[in-house]
*Asks:* 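Below is one structure. I have some questions about it.
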Amino acid sequence: MTNDIRVRFAPSPTGYLHLGSLRTALFNYLFAKHNNGKFILRIEDTDQSRKVEGAVENLINILNDMGLKYDEGPIAGGEYGPYFQSERLDIYKKYCDELLANGYAYYAFETAQELDEMRKIQQMQGKQTMYNRRARNLTENEINEKIASGVPYVIRLKVPLNEEIKFNDLIRGNVKIETNMIDDQVLLKSDGFPTYHLANVIDDHLMKITHIIRGEEWLTSVPKHIILYNAFGWQVPDMAHVPLILNPDKSKLSKRQGDVATEDYLKKGYLKEALVNFMALLGWNPGEGEKREIFSLKELVNLFTIEKVNSAGAVFNTEKLNWMNAEYIKQMDTAKLAEIVIPYMNTAGIDTSDKDKYNRVIFAIKNYINTLQEAPEHSEIYYSNVNLSEEQKDILKSETSKQVLNLLNIKTAALFEITADNFKPVLNEIQKETGIKGKNLFMPIRLALTSKEHGPELGTIAYVLGKEEVLNRLNILN
RNA sequence: GGCGCAUUGGUGUAAUUGGUUAACACGCCGCCCUCUCAAGGCGGAAAGUACGGGUUCGAUCCCCGUAUGCGCUACCA
């Protein structure tokens with residue numbers, strides 16, 4: 001690549017990784033890796049009131065967990081650190097002073113209450129709510145006096161009036177906004193911390209970010225950023241605003257309508273590979289006749305281009321996720337599956353210490369589960385005692401049932417052991433010898449072995465239970 | 001309210017630089033397999049591309065308007 005591609009994922013540490021953020025991170029990662037570029041993690045922790053303990057560690061862990069390893073960032077380090085915005089305060093201050101000196105920014109002294117009132121009045125008048133830019137008219141003396149007497153202040157962006165800002169979004173094409181509609185955004189808060197707008201422009205430039213890929217919610221603030229880039233005389237990076245992820249009712253994906261944290265889905269037993277695969281296809285696809293749906297991270301890296309990202313929001317469809325997760329589970333090595341399912345089994349009170357049996361259980365349930373969390377319920381028949389209802393007992397009391405079960409008992413006892421495929425022939429023998437077939441043959445056995453009308457084929461059930469347990473369950477009936 | 005963005009079956013998407021019987025996947029329905037439930041195999045219903053105007057010999061694709069949805073409208077990101 002001629003010039004090095006550098007992108008960043010810049011979350012604020014909220015304590016968990018929102019699915020929308022996951023996808024933004026994923027797209028950044030895919031774009032970087034596809035272009036042999038660098039993927040940078042930067043922590044946007046400029047809001048002191050929203051600090052969450054341990055959030056950053058968690059974020060880093062989950063990102064790594066998902067396979068989205070960053071090249072530069074907290075802990076990993078890099079040439080352009082620090083990667084915490086809270087540790088870059090002096091940098092922001094310096095550039096802010098530069099803006100002030102060159103007339104691109106100005107001091108303002110309104111209190112939060114005053115601004116609230118201003119907005120309320122504007123609202124009542126049906127006007128657009130924005131700062132009325134009145135501090136632009138303060139004289140130098142007034143400003144100096146206020147600062148000297150310790151009045152708290154912020155620094156605002158002096159938005160050029162009566163202009164039109166145009167930019168080209170890699171996903172949406174041309175976008176234009178009148179500067180008169182743009183607020184004189186606060187750049188530096190009264191606590192000395194920068195706002196997102198200031199910090200992100202400075203950091204992206206200093207960190208040599210070439211492409212900004214972020215959520216659609218930022219689209220309307222791009223002009224503010226462009227004004228800043230221009231004020232500094234910096235080149236504006238390319239931008240791509242990815243569509244939002246939506247609830248089934250098309251509102252923005254929110255907690256109220258289900259889980260939104262990546263961690264929640266991992267906990268529920270969705271595989272990270274499946275989750276990544278699924279999220280990638282939300283708002284993006286390789287196009288051009290590509291018929292596959294299942295892609296590894298590596299394949300995604302190969303195929304990903306920003307131009308193929310959609311511009312409309314995408315509904316998060318849990319049913320498709322379930323299907324995809326089931327696909328990954330089916331393809332997974334059984335031993336590996338057995339291992340990662342253990343915690344789910346143990347929480348559900350299933351003892352997995354008999355490894356031989358446990359592995360047979362996993363083999364049997366592999367095609368039945370969409371998520372790891374569903375494993376215990378499908379394993380129950382192999383571990384819990386048979387518990388028949390009165391109705392089921394009646395079925396077993398019938399003449400044919402007795403005949404079948406007695407014969408099965410004898411024939412099973414005669415087997416050295418039950419294997420994956422020697423039980424079915426036994427059933428065939430019984431059918432031949434007794435003339436009983438179909439439901440009358442199989443259902444009594446199914447009930448005797450599991451006390452359930454539904455389940456895997458009997459050969460599998462018997463194999464999982466093993467000879468001893470099959471005989472146990474048959475004998476309990478007597 | 002203002003500004004911005006979006007709009008292909010229920011959902012996710014596809015459709016060479018405007019010309020296709022509008023394709024694929026999930027879901028749904030049916031059939032096969034089968035003792036049952038899944039899985040798997042086969043097939044089906046489901047959009048004429050939000051609506052209305054243009055441009056064009058011809059628009060899912062280009063332009064305008066309307067509607068709807070979403071986003072932004074903080075000393076939050």
*Asks:* Which base sits across from B:U16 as a Watson-Crick or G-U pair, both distances under 3.5 Å?
*Replies:* none
*Asks:* In whole angstrom, what separates A:Asn180's CG from B:U73's C1'?
*Replies:* 15 Å
*Asks:* It should be established whether A:Asn310 places a side-chain nitrogen or oxygen under 4.0 Å from OP1 or OP2 of nucleotide B:A14.
*Replies:* yes
*Asks:* Any base atoms under 4.0 Å from A:Glu319, or only sugar-phosphate, or nothing? Heavy atoms, all strands.
*Replies:* sugar-phosphate
*Asks:* Stacking between A:Trp323 and B:C26, defined as ring centres under 5.5 angstrom apart with planes under 30°, is that present or not?
*Replies:* no
*Asks:* Using a heavy-atom cut-off of 4.0 Å across all strands, would you classify A:Gly215 as base, sugar-phosphate, or nothing?
*Replies:* nothing
*Asks:* Determine the contact category for A:Pro194: base if any of its heavy atoms lies under 4.0 Å from a base atom, sugar-phosphate if only primed atoms, P, OP1 or OP2 are that close, otherwise nothing.
*Replies:* sugar-phosphate
*Asks:* Using a heavy-atom cut-off of under 4.0 Å over every strand shown, decide if A:Lys424 touches base, sugar-phosphate, or nothing.
*Replies:* nothing
*Asks:* Under the side-chain contact (heavy atoms from CB on, under 4.5 Å) test against A:Trp284, which residue among A:Glu307, A:Lys308, A:Arg23 passes?
*Replies:* A:Lys308
*Asks:* Give none if B:G27 has no partner; otherwise give the nucleotide forming a Watson-Crick or G-U wobble pair with it, both distances under 3.5 Å.
*Replies:* none
*Asks:* Could you check how far CD of A:Gln128 sits from C1' of B:G4, rounded to whole Å?
*Replies:* 11 Å
*Asks:* Sort out the partner of B:C75 for me: Watson-Crick or G-U wobble, both distances under 3.5 Å, none otherwise.
*Replies:* none
*Asks:* Tell me which nucleotide among B:A77, B:G12, B:C37 gets nearest to the side chain of A:Tyr196.
*Replies:* B:A77
*Asks:* Side chain of A:Leu219, heavy atoms from C-beta onward: which of B:U7, B:G12, B:C5 has the nearest atom to it?
*Replies:* B:C5
*Asks:* Does some side-chain heavy atom of A:Thr195 sit less than 4.5 Å from a side-chain heavy atom of A:Leu188?
*Replies:* no
*Asks:* If B:G69 has a Watson-Crick or G-U wobble mate with both distances under 3.5 Å, name it; if not, just say none.
*Replies:* B:C5
*Asks:* Remember a base hit wins even if backbone is also touched, and classify A:Thr46 as base, sugar-phosphate or nothing at under 4.0 Å, heavy atoms.
*Replies:* sugar-phosphate
*Asks:* Under 4.0 Å, heavy atoms only, any strand: does A:Val315 hit a base, just the sugar-phosphate, or nothing?
*Replies:* sugar-phosphate
*Asks:* Would you mind classifying the nucleic acid contact of A:Ser190 as base, sugar-phosphate or nothing, using non-hydrogen atoms under 4.0 angstrom?
*Replies:* base
*Asks:* Which part of the nucleic acid, if any, lies within reach of A:Arg172 when heavy atoms closer than 4.0 Å are counted: base, sugar-phosphate only, or nothing?
*Replies:* sugar-phosphate
